[in-house]
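Keep in mind that what you see is a predicted model, and the values were worked out from it rather than measured. For the numbers below, each heavy atom of this structure counts, side chains included, while hydrogens, waters and symmetry mates do not. In the text below, chain A, chain B and the rest are named by the order of the sequence lines, each starting its count at 1.
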Amino acid sequence: MRSDGCGELRAKQISSNVQLCGWVDRCRDHGGVIFIDLRDQSGTIQITIDPERGKELFTTAESLKNETVLQIVGTIRARPKESINEKLSTGEIEVLATQITILNEVKSTLPFTVSIHDDEPVKEELRLRHRYLDLRRERMKQNLRLRHNTIKTARRFLEEEDFIEVETPVLTRSTPEGARDYLVPSRVCEGEWFALPQSPQLFKQLLMVGGLERYYQVARCFRDEDLRSDRQPEFTQLDLEMSFMSQEEIIELNEKLIAKIWKEVKGIELKLPFPNLSWQEAMDRYGTDRPDTRYGMELIAVNEIVKDMGFKVFSGAIASGGSVKCITVKNGNNSLSNVRIKPGGDVFTEAQKAGAGGLAFIRVRENNQIDTIGAIKDSLNNKQKQDLLEKTNAKEGDLILFGAGETEIVNKALDRIRQYLARELGLIPDSYDNKSWNFLWITDFPMFEVNDEEKRLEALHHPFCAPNNQDIGIKEEWQKNLPQARAKAYDLVLNGLEIGGGSLRIHNSELQKEVFQSIGLNSNEIEEKFGFLIEALEMGAPPHGGIAFGIDRIVMLLAGEESIRDTIAFPKTQQARCLMTQAPAVVSENQLNELHVANTCIEEE
RNA sequence: GGGACCGUAGUUCAACUGGUUAGAGCACCGCCCUGUCACGGCGGAAGUUGCGGGUUCGAAUCCCGUCGGUCCCGCCA
């Protein structure tokens with residue numbers, strides 16, 4: 001149907017005949033000569049319609065609406081010198097049309113314009129309802145291409161490293177813990193249900209038991225939880241697993257993979273190896289396990305300095321086992337007024353949203369004089385004051401913000417304020433600046449955390465992570481040592497977002513059973529839910545481990561987008577609905593009967 | 001489950017403190033225009049102000065409910 005792509009034509013093809021196909025980007029009808037910008041995937045070229053070339057041709061051209069699909073036959077010619085368009089890569093030439101075929105018309109007024117020249121914002125609701133039109137626009141076209149390049153690069157890299165891609169089931173069984181499952185009723189097995197996988201976790205481990213040694217998959221995962229700008233009910237992981245690899249070796253390989261992606265997709269050389277922070281250090285210094293290290297304002301514990309103060313908010317917090325931590329806002333005296341950090345102010349409110357009761361502050365004035373509320377000033381002696389200024393490295397003009405109370409809440413509040421202030425004060429470098437890609441490995445996670453509601457242990461990552469050998473000691477002490485053990489787990493954090501995570505897995509069936517018991521499963525439950533895994537581990541399972549990267553998030557960051565919806569061809573809304581197909585939808589009574597399912601939803605008439 | 005913001009012509013926005021005929025750009029339709037490139041000129045059509053209720057002499061505007069979208073908390077091993 002066509003000889004060339006619109007955007008590929010250049011002056012050296014002048015006087016050759018071409019056939020082009022594409023969409024009408026826009027028309028300029030001068031009454032005599034008519035110009036059509038014809039657009040296809042490769043770009044745009046100007047088609048010129050000369051009235052001398054026939055009435056029929058001219059009449060057709062006059063009637064064209066934007067986004068009409070055309071085939072053009074014509075000849076490439078140079079534009080008059082004064083008409084060269086330098087903004088267009090094909091701007092030196094044009095195609096003199098000898099024939100126009102309308103391949104498809106546009107029958108109604110378009111809900112929004114496709115042309116790149118119309119950069120008016122479009123409501124996301126409309127974009128999603130007519131996603132096919134949105135995909136035709138430059139932004140989404142580029143994002144999907146970038147996504148493809150990311151996945152392509154990963155595939156090439158992993159193939160070079162002797163990984164093979166294996167598909168794992170989408171219809172599988174529901175497993176305890178973790179997110180809510182999407183369920184699929186079985187027609188054949190009455191009353192029983194499949195679950196869609198939250199990740200291929202168990203299957204990839206069993207592939208290792210199967211001796212594949214190096215597996216990867218671009219895997220669709222499903223979690224029936226509430227959505228966010230970086231969470232969709234179905235999302236894509238680049239899933240890897242390998243045998244006979246240490247944590248260091250796995251990390252090294254994956255850094256190379258990430259560096260390769262950044263190099264191929266963005267042309268950016270990342271510096272390897274990535275820095276590494278233990279989970280404990282991350283919590284101490286940033287209050288979160290996914291710190292954004294593009295800016296400072298680290299959290300500083302001042303427990304030792306303030307524990308004996310008369311100011312009960314501080315000393316009391318420590319007496320009851322909590323902490324007092326602070327961040328130093330450089331030049332904060334100028335940038336943050338008292339109105340903003342006192343009750344009702346935006347900064348105070350941020351702290352409150354994270355559960356903090358208040359937000360104490362100290363302003364450093366000339367000659368290290370301090371300016372704060374009376375209760376703090378009165379109870380702070382000179383030595384404490386000096387220690388505090390030294391520890392926080394606060395200088396004249398700086399503002400120190402304090403969190404006091406339960407360590408967990410202090411961390412959460414200061415983390416939140418830190419991120420909020422970084423945005424407010426413009427401390428985050430331009431995302432296209434090479435220095436702004438701050439990768440960071442977080443390691444040595446705790447195996448478990450306490451579920452407050454149910455007063456029991458829960459796996460922090462998942463219950464298949466291997467514990468640190470030194471932490472658990474000999475077999476007889478496993479039960480006693482496991483709750484405090486660290487896991488051989490690692491997350492890759494980029495600019496405050498978790499983009500991947502993994503671990504070495506347990507390959508010893510006894511230890512695996514012990515971990516299951518720690519999270520409250522009894523022998524029967526272990527046998528019922530995970531019998532197949534335990535059995536597999538007893539038949540020669542190799543030491544193995546792996547990682548999974550969130551492709552949607554990685555592409556989002558590479559594309560500079562703020563939502564993963566802009567990296568997914570057909571995403572769902574926050575209500576997990578597809579506005580284009582209107583899924584999910586009601587099905588017939590017959591379909592339900594076949595599946596042995598009854599609808600308990602009360603319909604309103 | 002909870003909090004916040006938003007919803008006006010096909011579309012992007014406007015309409016002051018509640019005030020009488022709800023405006024503008026783009027798109028659309030018609031006429032004119034032979035070198036434009038976000039072409040230009042003249043004219044036209046286009047509205048259940050998401051929906052339902054309330055307050056008021058009077059509601060796009062205030063209140064309640066509801067639907068939809070977005071952001072966030074909870075949740076997401």
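At rC39(B), one or more side-chain N or O atoms of Arg26(A) fall inside 4.0 Å of OP1 or OP2 (strictly under the cut-off). Proximity of Arg231(A) to the phosphate of rG74(B): no side-chain N or O atom is located under 4.0 Å from OP1 or OP2. Residue Lys412(A) has a polar side-chain atom (N or O) positioned under 4.0 Å from OP1 or OP2 of rG74(B). For rU36(B), neither phosphate oxygen OP1 nor OP2 lies less than 4.0 angstrom from any side-chain nitrogen or oxygen of Arg28(A). When the side-chain nitrogen and oxygen atoms of Thr573(A) are compared with OP1 and OP2 of rG69(B), one or more of them lie within a distance under 4.0 Å. Distances shown here put every side-chain N or O of Thr113(A) at or beyond 4.0 Å from the OP1 or OP2 atom of rC26(B). Distances shown here put a side-chain N or O of Lys123(A) below 4.0 Å from the OP1 or OP2 atom of rU12(B). OP1 or OP2 of rA38(B) sits under 4.0 Å from a side-chain N or O of Lys87(A).
Minimum atom distance to the side chain of Asp226(A) is reached by rG74(B), of the listed rG35(B), rU8(B), rG74(B). Nearest to the side-chain atoms of Leu128(A) among the listed nucleotides rU70(B), rC29(B), rU12(B) stands rU70(B). Distances from the side chain of Arg228(A) to the nucleotides rC29(B), rG35(B), rC73(B) place rC73(B) closest. Distance from the side chain of Pro121(A) is smallest to rU12(B) among rG35(B), rU12(B), rC76(B). If you check rU11(B), rC29(B), rC76(B) against the side chain of Lys65(A), the one that comes closest is rC29(B). When distances are taken from the side chain of Gln574(A) to each of rC75(B), rC72(B), rC37(B), the shortest belongs to rC72(B).
Here rG44(B) sits opposite rC28(B) as a Watson-Crick or G-U wobble pair (both hydrogen-bonding atom distances under 3.5 Å).
Counting to the nearest Å, the P atom of rU36(B) and the NE2 atom of His117(A) are 16 Å from each other. What separates CD of Glu67(A) from P of rA27(B) is a distance of 13 Å, to the nearest Å. Nucleotide rG69(B) holds its C1' atom 13 Å from the CG atom of Leu227(A), rounded to whole Å. Protein atom CD of Glu124(A) is 7 Å distant from nucleotide atom P of rC71(B), rounded to whole Å. Atom C1' of nucleotide rU34(B) and atom NE2 of His30(A) are separated by 8 Å, given to the nearest angstrom.
Residue order along RNA chain B, read from the 5' end via each residue's closest nucleotide, puts Asp50(A) first among Phe464(A) and Asp50(A).
Looking at Glu125(A), its side chain has no donor and acceptor atom pair within 3.5 Å of the base of rG7(B).
Evaluated for a side chain to side chain contact (heavy atoms under 4.5 Å, CB included) with Asp552(A), the options Thr236(A), Ile499(A), Asp230(A), Leu557(A) yield exactly one hit, Thr236(A).
A donor atom on one side chain and an acceptor atom on the other are not found under 3.5 Å apart for Ser199(A) and Gln237(A).
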